[in-house]
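Below is one structure; the comments refer to it alone.
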Protein chains: 2
Amino acid sequence: MHKVKTVKTAVVIDDHPLVTRGIADFLKSHCGFSDVHAVCNTADFWHMMGENHPPAMIVLDFWLPDGAALPLLEQLKAKHESIPVLVMSADDNPAICSKARESGANGFIHKQESPEVFATAVNALLDNGNWFSNMPNHAIYDTSNKELPITLQELGLTARQGEVLGLILQGLPNKRIAQRLSLSEQTVKEHISGILERLKVRNRVEIITKLRGRKLVSN
Amino acid sequence: MHKVKTVKTAVVIDDHPLVTRGIADFLKSHCGFSDVHAVCNTADFWHMMGENHPPAMIVLDFWLPDGAALPLLEQLKAKHESIPVLVMSADDNPAICSKARESGANGFIHKQESPEVFATAVNALLDNGNWFSNMPNHAIYDTSNKELPITLQELGLTARQGEVLGLILQGLPNKRIAQRLSLSEQTVKEHISGILERLKVRNRVEIITKLRGRKLVSN
DNA sequence: ACATGCACCCTACCAAGGTTGGGTTCTACA
DNA sequence: TGTAGAACCCAACCTTGGTAGGGTGCATGT
């Protein structure tokens with residue numbers, strides 16, 4: 001039962017079972033794979049690799065828990081250099097694309113991509129090619145709205161305090177904030193005191209850390 | 001051609017076509033849906049709603065571009081109050097679960113959940129029930145590793161500077177950092193000066209804003 | 001007519017953050 | 001053996017951040 005040319009298998013690694021399933025089905029129905037293994041963590045992956053023939057390609061989710069994707073990728077490439085690996089991500093940070101490539105990935109694709117593009121990328125890798133979609137402006141467009149929005153009402157802040165808060169979150173010191181808003185530095189400080197009181201924190205650093213991962217919206 | 005009891009349809013809304021496809025297939029194969037529409041944006045959704053009978057349930061991704069999911073949900077609930085809506089998210093922030101509930105969702109589930117749990121949630125909603133998995137410690141476990149990891153080498157920092165940096169990113173003032181590391185406050189300041197020089201920023205606030213969205217890893 | 005709240009200004013004060021210039025010990029490396 | 005860098009300490013200094021206690025003008029609504 002040695003490796004047969006006509007048997008084209010793949011492995012999909014993603015911690016979202018439903019996603020894994022969808023991709024596996026797609027590879028079988030639209031990319032000519034005869035068998036696709038779906039695993040949800042690194043342990044299952046290595047176990048599976050030990051018990052089966054090497055697959056024709058591997059599809060790997062970047063956002064495995066504990067940042068396990070990159071170590072797995074490097075380890076994998078050290079052992080099975082020839083297997084093409086397509087890294088995918090629901091995220092939009094352009095840095096992770098280069099991260100993946102540095103770690104040995106043969107391709108990178110966003111999960112937002114259409115099935116057609118996905119199939120094209122898969123075929124490119126099967127032909128020993130690469131696939132690193134750069135999508136310059138698309139990435140910029142997406143990065144703006146990744147954080148959970150939070151409104152001024154929820155924070156109990158006035159409109160002016162909201163403006164100041166926005167600049168604080170950009171890391172500006174009081175002097176610059178005053179310039180931007182055409183205010184005296186003292187007035188800025190008073191607005192900040194109001195913000196500190198509302199958010200129940202001690203200083204601007206705690207404001208930032210408290211609101212990390214949140215996006216301030218005017219409305 | 002009025003609504004027939006035996007026809008159970010659903011709509012899946014997600015900006016990731018492959019994910020949408022996977023979930024749609026799963027609903028058909030494991031939850032007894034006869035037809036599942038898959039759409040990738042709000043425009044397609046409303047167009048589809050206008051041309052078909054109301055579905056038995058709707059599965060909605062929280063992270064639609066532009067934060068469109070919540071407005072869509074509210075609009076939808078205003079028009080079709082009776083259709084159960086299951087909101088899902090690949091994210092782990094517990095706040096978005098309550099956000100979804102406030103906007104009228106009948107259920108919330110993480111994409112990481114197993115297909116079995118997903119099916120259970122779907123059935124709960126079909127029986128006019130709710131499904132808001134609270135998962136207290138699971139959420140804590142997940143929230144820690146969402147950001148793109150960055151190593152000390154990349155930043156050109158020493159191990160000790162890395163420890164200090166970690167505490168800065170948590171929003172601690174110098175005094176507390178000194179206590180934590182059993183150092184004098186002066187020594188902490190010197191480490192910070194080194195960090196500032198390396199990262200080419202002026203103060204601790206710029207450190208935090210520069211590294212926002214990144215996770216510091218020791219190795 | 002009056003109070004309330006917001007935005008804005010000022011002076012003054014103190015705490016926290018960051019720099020500079022000293023110094024010690026240890027390890028690693030040529 | 002000497003030199004270089006990392007980690008620690010201290011004293012002194014200046015800048016920034018935040019508070020307190022004054023004040024004005026303007027829009028609210030009772």
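Within every chain, numbering begins at 1; the chains are lettered A, B, ... in the order of the sequence lines, protein sequences first and strands thereafter. Just the heavy atoms: all of them, side chains too, but no hydrogens, waters or symmetry mates, feed the values below.
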Check: If each of Val201(A) and Thr158(B) is mapped to the nucleotide of DNA chain D with the nearest heavy atom, which maps nearer the 5' terminus, i.e. the 5' end?
Finding: Thr158(B)
Notebook entry, point to check: What's the spacing between Arg176(B) CZ and Glu185(B) CD if we round to 0.5 Å?
Noted result: 12.0 Å
Notebook entry, point to check: To the nearest angstrom, how far is Glu185(B) atom CD from dC8(D) atom P?
Noted result: 15 Å
Item checked: Atom-to-atom span, CZ of Arg204(B) to C1' of dG17(D) - whole angstrom -> 12 Å
Margin query: Students should find this one: the first and last nucleotides of DNA chain C, 5' to 3', lying under 4.0 Å from a heavy atom of chain A. What are they?
Written below: dA7(C) to dA12(C)
Notebook entry, point to check: Hey, are Asn130(A) and Arg101(A) close enough side-chain-wise for a donor-acceptor pair under 3.5 Å?
Noted result: no
Next item on the list: Figure out the CG/C1' separation between Leu181(B) and dC9(D), and round it to whole Å.
Entry: 15 Å
Check: When Pro55(B) is tested against each of Met49(B), His37(B), Met48(B) for side-chain contact (heavy atoms from CB on, under 4.5 Å), which residue passes?
Finding: Met49(B)
Checklist line | Heavy-atom pair of closest approach, residues Leu27(A) and Ala10(A) | finding: CD1-CB, 4.2 Å
Check: Which nucleotide sits closest to the side chain of Gln186(B): dA7(D), dC9(D), dA12(D)?
Finding: dA12(D)
Notebook entry, point to check: Looking at Asp61(A) and Ser89(A), what are the two nearest heavy atoms and their distance?
Noted result: OD1-CA, 4.3 Å
Note to self: From CG of Asn203(B) over to C1' of dC14(D), roughly how many Å is that when rounded to an integer?
What the structure shows: 15 Å
Next item on the list: Please report, rounded to the nearest Å, how far the P atom of dC8(D) is from the CG atom of Leu183(B).
Entry: 5 Å
Next item on the list: Quickly work out the Leu157(B) CG to dA7(D) C1' distance and round it to whole Å.
Entry: 15 Å
Next item on the list: Tell me whether the OP1 or OP2 atom of dA7(D) has a side-chain N or O from Thr187(B) closer than 4.0 Å.
Entry: no
Next item on the list: Sequence neighbours left out, what pairs pass side chain to side chain donor-acceptor pair (under 3.5 Å) with at least one residue falling in residues 75-88 of chain B?
Entry: Lys77(B)-Asn106(B)
Check: Checking side-chain contact (heavy atoms from CB on, under 4.5 Å) against Arg204(B), which of Leu196(B), Ile195(B), Asn174(B), Thr209(B) comes through?
Finding: Asn174(B)
Check: Could you state the CD-P distance from Glu190(A) to dG22(D), rounded to the nearest angstrom?
Finding: 14 Å
Check: Rounded to the Å, how far apart are Leu199(A) CG and dG18(D) C1'?
Finding: 15 Å
